[in-house]
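These notes concern the structure reproduced below.
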Amino acid sequence: MVAVVIPALNEAGKIGRVLDKMPRDPRFEAIVVDDGSTDGTGDEATAHGAALVIRHDVRGGVGAAIRDGWKAATARDRPYVALLSGDDQHEPAELVPAFEALLAAGADYVQGSRWMTGGRVEGPTGGRGLGTRLYSAIFSLLAGKRITDATNGFRILRTDILRDPRLDLDQAWLTSYDLEPYVLYQAIHRGYRVVEVP
């Protein structure tokens, strides 16, 4: 049911750990998008059980990698897509409670949050923690909905959102990290039910 898209660039040694920690739950499959790696990331992803590995010959940017993974999930008729980082910063096991929270809330989109009660960050954040909170406050004002962690890549959403003709995922400026907040903003703005989980 859930295609877990994992963008990766030169993550050999990490991508295998990410895939090994994927939940042993048949509702989830991993789609790794190797965005022009030169270190064998794609081969490692295949060896560690990715359902699909998409290889970019030339680096396109994280947004382009995510977009291609989402398009593959849509082509495979998966009703939901999730997003995890390829550098082992997220806990794949948290996909299960996040998905259950989405279903229980009747939501269309669940956004992970490091900053809400129950969320956490491993290791020091330095000034980055303050920056992400400030960004989220500004994002919330613009979106008209309180989002505590708009920059967090951990998320699950209905693929119907990606099919919405009011979203234009192929805009040239969406090849970097801008894609993720763009889709979150559009989901809120277009009336989809968005919830956060720690």
Practice item. Apply salt bridge (Lys or Arg N to Asp or Glu O under 4.0 Å) to the pair Arg166 and Asp164, showing each step before the final yes or no. Key: CA-CA 5 Å; Arg166 298 171 294 179; Asp164 190 321; 2.8 Å; yes
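Contact check on Asp87 versus Lys14 returns no salt bridge, with no Lys/Arg side-chain nitrogen under 4.0 Å from an Asp/Glu carboxylate oxygen. A salt bridge links Asp170 and Lys71; the closest N-O separation between the charged side-chain nitrogens and carboxylate oxygens is under 4.0 Å. A salt bridge links Arg78 to Glu29: at least one charged side-chain nitrogen sits closer than 4.0 Å to a carboxylate oxygen. By the 4.0 Å N-to-carboxylate-O rule, Arg55 lies close enough to Asp43 to be salt-bridged with it. For the pair Arg158 and Asp160, the salt-bridge criterion is not met [side-chain N within less than 4.0 Å of a carboxylate O].
Scanning both residues, Ala143 and Tyr185, for their nearest heavy atoms gives CA-CE1, 3.7 Å. In this structure, Leu52 and Ala72 approach most closely via the heavy-atom pair CD2-CB, 3.9 Å.
With Asp35 contributing its side chain and Gly60 its backbone, the two residues share a donor-acceptor pair below 3.5 Å. Side-chain atoms of Asn10 come within 3.5 Å of backbone atoms of Thr38 as a donor-acceptor pair (strictly under, hydrogens ignored). Listed for the Ser113 side chain is a donor-acceptor partner under 3.5 Å among the backbone atoms of Trp115.
With Asn152 as the fixed residue, the side-chain contact (heavy atoms from CB on, under 4.5 Å) test singles out one of His90, Glu196, Glu180: His90.
A donor-acceptor pair shorter than 3.5 Å cannot be found between the side chains of Thr132 and Thr151.
One distance of note links CD1 of Ile138 with CD1 of Ile147; it measures 15.0 Å at 0.5 Å rounding. For the atom pair CE of Met116 and CG of Asp149, the computed distance is 10.0 Å after rounding to the nearest 0.5 Å.
Evaluation of the ring-ring contact (aromatic ring centres under 6.0 Å, His included) test over residues 13-59, restricted to residues two or more places apart or in two chains, returns Phe28-Phe99.
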